[in-house]
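Below is one structure; the comments refer to it alone.
Chain naming here is simple, since letters A, B, ... match the order of the sequence lines and numbering starts at 1 in each.
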There are 2 protein chains.
Amino acid sequence: MGKDERVIGIKDVAKAANVALATVDRVIHNRAGVSKKTKEKVLKVIDKMGYQPNILASNLSKSKKIVLGVLLPEISEESGYWEFPMKGIIKAQKELAQYRIKIKIYNFKQNNNEEIRKRILELINSDIQGLILTSKFADEIEILLADCKQKNRPYVFIDSNIRKIDSLCSIQQPLFESGELAAQLFNYCFTKGEILILHLKKTMDTEDIIGLKEKGMNAYLSDNNQAIVTKSLIIPDFNENGFENVLTKTLGDNPQIKGIFIPNSKVAYIAKYFKKREGKKIYLIGYDFFYDDIEFLENNIIDFLICQRPEEQGYLAVVKLFEHLILKKEVEKEIIMPLDIITKKNYKYY
Amino acid sequence: MGKDERVIGIKDVAKAANVALATVDRVIHNRAGVSKKTKEKVLKVIDKMGYQPNILASNLSKSKKIVLGVLLPEISEESGYWEFPMKGIIKAQKELAQYRIKIKIYNFKQNNNEEIRKRILELINSDIQGLILTSKFADEIEILLADCKQKNRPYVFIDSNIRKIDSLCSIQQPLFESGELAAQLFNYCFTKGEILILHLKKTMDTEDIIGLKEKGMNAYLSDNNQAIVTKSLIIPDFNENGFENVLTKTLGDNPQIKGIFIPNSKVAYIAKYFKKREGKKIYLIGYDFFYDDIEFLENNIIDFLICQRPEEQGYLAVVKLFEHLILKKEVEKEIIMPLDIITKKNYKYY
DNA sequence: CTGAAAGCGCTTACAG
DNA sequence: CTGAAAGCGCTTACAG
C-alpha cells in the first residue's frame, strides 16, 4: 500500500527491445522508417509488457494545437435551441483546453443559404482538423462532407437524423420512438378522442423529421388503442400570431380533439394561445425545454416535453473528436440519446 | 491561423519576477519558505500575466498515486441497485487512470453490521485520500466521517439524502419532489380513487426516505386533486412471496385503489404478482430501472419508473474528488440529480 | 533505417 | 529564504 508500482513506459520498452526511444515511438505511431524486423520485435515487447502510452506526456511534448470547427445556426429568437448544444461545446472546450483542443465557431442565420455557403467555403479553406455539425440542412453540406472525406477530416453530427454516411460519429435522437412515446403519454391522459398534430413550418425542420415522429405516434396508437386517432394541421407560414384563427376554427369544428402534439420546439407559442383560450382542457406535448416553457408547465397548459439532452450532445461531439484525434481511441459510430420526459414536477432538476 | 501562441508558463513568471522556478512553484502552492516580499512580487506577476498552471505537466512530474476508497454495499440480488453506481465509478477510474487516480473498493453485505464495521476500520487505517459513500446507513458511518474530518480527507455522498454535513460534495436525489412527480403521473392515469403506497421493508432504506416520497405525493394531491387519496400498506418482513396474501386482501377490501406506488427499487416483485392476477388495471409506479423491469414495462404492468441516473452519480463522485484533489478546483457542495421518467417507450435509450 | 539529445511545463530533492 | 538541476514520459528535429 502506498508503494507506487512504476507504470511501464516507452523507455522500458526500448531497453527490453534493445532499440532507441525514437524507434519505439515510430512503431507506436506507425510511422515510416522502421525495418520490418525491428518493428515486429518492438511490437512483441509492447504486447508482452502491456505498454500503455501516457497521454499526458504525449500531449505535453506535442506542440501543435488542434482546431475543431463548429458549423451551427447562430442563436436567435427563432433558433434558441442552439444555445444548448453550444453550451455543451463550450463546456467541453474548457475541460479539454489543456489537451490542445481549440474550437472555432462558424455561425449562420437559419434559412440564410447565402451565409451557409459562405461558412462552408470558409471551412473548406480552413485548417480545422475536425468538424461538428447538424444534419438538419442536408443539401447545403454535401460538398463540405465530400471535402472532409477527401482531406480525411473527421466530422460528428449532433441532433442527427439517422445518417450513417462516413461521419466519425452520429449523435442521434430516436424520432420515430419519440412519437411512440408521445402517444403513450397521451394515452395515459385520455383513452379515446383525437390528437391534433401541428406542423408549424418556417423552421429548419425538414419534413422527414416531423414525418417520423408522426409515424411513430400513429404506429403506437394502432397497436395499442384504436380509439385514439390523429389529425394533421399544417400551418405553412408560421409566426407568432398568424395561426390563431385557423387553430380556433379547427378546434371548434373538432370537439373530439383532446390533445395537441407539437413535434418541434415551438410549443410555447401554442401554449400562449391556450392561456387566453377558454374551454375544456386540451393536453399538450412538445419537444425541447426552454425557459419560456416553465410558466406553462406550472399552469398545467403544457403537460409533457420530450427532450434530447442538447447540451450533452454538444459536449459529446467535442469529446468524441478529442478521443479520436488525441487519444486515438476507437469511437462508436452512433450515439443514441435518451428520450427525457419533462413535466411540471421534474423540470427544476433538468 | 495555425500560429500557436505560446501559453505562458512558470518559466515566464520566474523570469518576469526575477526569481527561480522553484520559488514560483512555492508561491503557487502556498508552500512555506518564501518571504512575504517575494511572495507578493510573484503573485503580482502571476496575476498580471494571467498565468494558468498546466495540469498535464504538473501531474506528469508528480509521482504519488492518489487512492480513493469506495464504501458501498456489494452487488447481490437484494442490492442489485449498486451495480449502477459501481459501473460509473469504474468508468471514471478508467478515464482518470492517467491522472494517478486509483480506486479501492470496500464492499459489505447489506444489513451486515459486523462487516460494515470491519470495512470502516479498514478505511480508517488505510491511506486513502478521498472517500465515496452513501448516506443510507447513517449510524454506522459517523465515526468514519469524524475520522475523515480529522485527517482532512474529503468524502462524497452518492444517493444522498440531503446531508450537508462536511462532505466535499453531496450528490442528491430530490425525494419529496419525486413523490410529487409520481402523484402527477398517477393523476394523468386516473382522476379519482386511491393510491396504495407499499412499504416493503427489510431493505436498507431508512424510514425517512420512504417518508419523504410519501409526503411529496400527498402534498401534490392535496394541492391538485383531492379526489385522489393515499393509503399506506406496510409489509414488514418483505420477501418474494410473503406479501401476496396481504396485498390480495387489501386490494379486495379496497376496490377504489387504482394505483400502487412502490417507493423503492422492488417494483418488479409487485409486477410479478400483477402478472398472474386477474382483474382491472392497476397503475404501477416504482423507482430505478433494472433489466427485470423491461418485461413488465412492455406488458403495461409497470407504467412509470422514476430514476436517478445511478451510474452518473458514481461517475460524478470520482470526478468531483479528482477535481478537488488533483485539479484543485472548487467543487459544488450539492449536485441534485434529475428525476428521469422511464416508460415502455423510452427505456431502450436509458 | 536508427539513435542521441533537447524540450514540453511542471515537481522534487539537494545545496547553500 | 532561495536557486540550480534532474526527472516525469513522451515527441521532435538532427545527425549518421
**OP:** For the residue pair A/Asn107 and A/Arg119, confirm or rule out a side-chain donor-acceptor distance under 3.5 Å.
**Re:** no
Original post:
Where the side chain of A/Val34 is concerned, which of D/dT2, C/dT2, C/dT12 is the nearest nucleotide?
Top reply: C/dT2
Subject >> Atom-pair distance (NZ on B/Lys41; C1' on D/dC1), nearest Å >> reply: 12 Å
Original post:
Does B/Ser61 get its side chain close enough to the base of C/dC10, under 3.5 Å, for a donor-acceptor pair?
Top reply: yes
Original post:
Among D/dG3, D/dC10, C/dC8, which is the nearest nucleotide to the side chain of B/Val19?
Top reply: D/dG3
**OP:** Ignoring backbone atoms, establish whether A/Lys11 has a side-chain N or O less than 4.0 Å from OP1 or OP2 of D/dC8.
**Re:** yes
**OP:** Locate the shortest heavy-atom distance separating B/Gly314 from B/Ile89; write the atom from each residue and the value.
**Re:** O-CG1, 3.5 Å
**OP:** Let me know which of B/Ile132, B/Leu123, B/Thr134 forms a side chain to side chain contact (heavy atoms under 4.5 Å, CB included) with B/Leu71.
**Re:** B/Leu123
Original post:
Rounded to the Å, how far apart are A/Arg26 CZ and D/dT12 C1'?
Top reply: 10 Å
Subject >> Which nucleotide in D/dA4, D/dT12, C/dC10 has an atom nearest any side-chain atom of A/Ala22 >> reply: D/dT12
Subject >> Pairing partner of C/dA4 (Watson-Crick or G-U wobble, both distances under 3.5 Å) >> reply: none
Subject >> B/His29 NE2 to C/dG9 P, straight-line distance once rounded to whole Å >> reply: 16 Å
Original post:
To the side chain of A/Asn54, which of D/dG9, D/dC1, C/dC1 is closest?
Top reply: D/dG9
Subject >> Nucleotide nearest B/Thr23 (side chain, heavy atoms from C-beta), chosen from C/dC8, D/dC10, D/dT2 >> reply: D/dT2
Subject >> Minimum-distance nucleotide to B/Thr38 side chain [options: C/dG3, D/dC1, D/dA4] >> reply: D/dC1
Subject >> Whole-Å distance separating the CD1 atom of A/Ile55 from the C1' atom of D/dC8 >> reply: 15 Å
Original post:
When the distance from CG of B/Asn18 to C1' of D/dG3 is rounded to whole Å, what number comes out?
Top reply: 12 Å
Subject >> Separation of C/dG3 P from A/Leu21 CG (nearest whole Å) >> reply: 10 Å
Subject >> Exercise: do A/Ser170 and A/Ser167 side chains pair donor with acceptor under 3.5 Å >> reply: no
**OP:** Indicate whether any N or O donor in one side chain lies under 3.5 Å from an N or O acceptor in the other, for A/Tyr81 and A/Asp159.
**Re:** yes
**OP:** Go through C/dC10, D/dG3, D/dT12 for me and flag the one nearest to the A/Arg31 side chain.
**Re:** D/dT12
Subject >> Separation of atom CG in B/Asn30 from atom C1' in D/dC1, rounded to whole Å >> reply: 16 Å
Subject >> Residue A/Leu60, side-chain atoms from C-beta onward, closest of C/dT2, D/dC10, C/dC8 >> reply: C/dC8
Subject >> Length of the line joining A/Lys62:NZ and D/dT12:P, which is rounded to integer Å >> reply: 7 Å
Subject >> Complementary nucleotide for C/dA13 - Watson-Crick or wobble, under 3.5 Å >> reply: none
